[in-house]
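For reference, the structure is listed below as C-alpha cells.
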Amino acid sequence: MSSSPSPTASRTADGGPPAAELAALQRRLADFAVARDWGQYHTPKNLAAALSVEASELLEIFQWLTPEQSQRIMAEPSQAARVEDEVADVLAYLLQFCQVLGIDASAALSAKIDRNEERFPV
C-alpha cells in the first residue's frame, strides 16, 4: 500500500488545486526560466503567442477524430501521454503569462465564473 496522498488529497472543495499549489508551480517555472536566462523572452506578447501555439498543438491531436473517438482518447496510453504533455504546455505558458502580468489565475477564473453565472442563469 502506497503512503503517498491520493491525487485528490490536495484539492479544494470544488475539486481544483489550491492556489498555493498553482503559486508553487509558477515559482518553479520562473526559476527554470531564470536559470536558463529565458526571462528576456518571456514578454506578455511572446507568452501569449506560445500559449496559442501550444493550444493549437492540443487541438491538432483531436482535429480529425469523431466526437466518440475524442471521448475515448485517454484510454489509449500513447495518445493520453500526448494529451497530457500538451495540457501541461498550455498550463505552463498560461501560468507564466499570468505571473508576468501579475494576474491571480484562480481569482480571475473565479470572477469569470461569477460573471457567467449572472449572464446565464438557470
Close side-chain approach of C98 and D104, heavy atoms under 4.5 Å: no

Not counting sequence neighbours, list each pair that qualifies as a side chain to side chain donor-acceptor pair (under 3.5 Å) and has a residue in residues 81-96. H42-Q96, Q79-R82

Mind checking side chain to side chain donor-acceptor pair (under 3.5 Å) for D37 and listing every partner two or more places apart, or none if nothing turns up? Q40

Can you list the residues that meet the side-chain contact (heavy atoms from CB on, under 4.5 Å) rule with L101, with sequence neighbours excluded? P44, F97, I103

Excluding sequence neighbours, so at least two apart, what forms ring-ring contact (aromatic ring centres under 6.0 Å, His included) with F32? W38

How would you list all residue pairs meeting side chain to side chain donor-acceptor pair (under 3.5 Å) that involve residues 48-61, not counting sequence neighbours? none

Starting from L65, walk the hydrophobic network (Ile, Leu, Val, Met, Phe, Trp, Tyr; side-chain heavy atoms closer than 4.5 Å) and list everyone else you reach, by chain and number. L58, I61, F62, I73, M74, V83, V87

List the residues meeting side-chain contact (heavy atoms from CB on, under 4.5 Å) with T66, not counting sequence neighbours, and say none if there are none. E68, Q69

Partners of Q26 by side chain to side chain donor-acceptor pair (under 3.5 Å), sequence neighbours excluded? none

Without swapping roles, check the side chain of S110 against the backbone of A107 for a donor-acceptor pair under 3.5 Å. no

How would you list, by chain and number, every residue that makes a side-chain contact (heavy atoms from CB on, under 4.5 Å) with K45, sequence neighbours excluded? T43

Non-neighbouring partners of E118 that pass side-chain contact (heavy atoms from CB on, under 4.5 Å), sequence neighbours left out: none

